[in-house]
Undergrad: 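Pasting a structure below so you can have a look.
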Amino acid sequence: MSKNKSTSNVMRQIDENLRRVYEQSQSDEVPDRFKELLDRLKAQDQKAGPTE
């Protein structure tokens, strides 16, 4: 029974840590470098025109 309880505690800690990391990543802003890269890719796509 002690093993099940310690496994349960470990699983609970893992769950809490994963939730914390996920919530933190949701509040982080996208770095400017990535935004610039995305803008350049969008501009390239617009120059290429529709692909049909």
Undergrad: Of all residues at least two apart in sequence or in a different chain, which pass the side-chain hydrogen bond (donor to acceptor under 3.5 Å, both in side chains) check with Gln13?
TA: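 In terms of side-chain hydrogen bond (donor to acceptor under 3.5 Å, both in side chains), with neighbours along the sequence ignored, Gln13 is linked to no residue.
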Undergrad: Just jot down the salt bridge (Lys or Arg N to Asp or Glu O under 4.0 Å) partners of Asp15, sequence neighbours excluded, or say none.
TA: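 So Asp15 forms a salt bridge (Lys or Arg N to Asp or Glu O under 4.0 Å) with Arg19.
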Undergrad: Scan for salt bridge (charged side-chain N to carboxylate O under 4.0 Å, His left out) pairs involving residues 26-40, sequence neighbours excluded, and state none if there are none.
TA: Glu29-Lys35
Undergrad: Applying a strict under-4.5 Å side-chain criterion to I, L, V, M, F, W and Y, I'd like to know whether Leu41 and Val30 cluster together.
TA: no
Undergrad: Partners of Glu16 by salt bridge (Lys or Arg N to Asp or Glu O under 4.0 Å), sequence neighbours excluded?
TA: Arg12
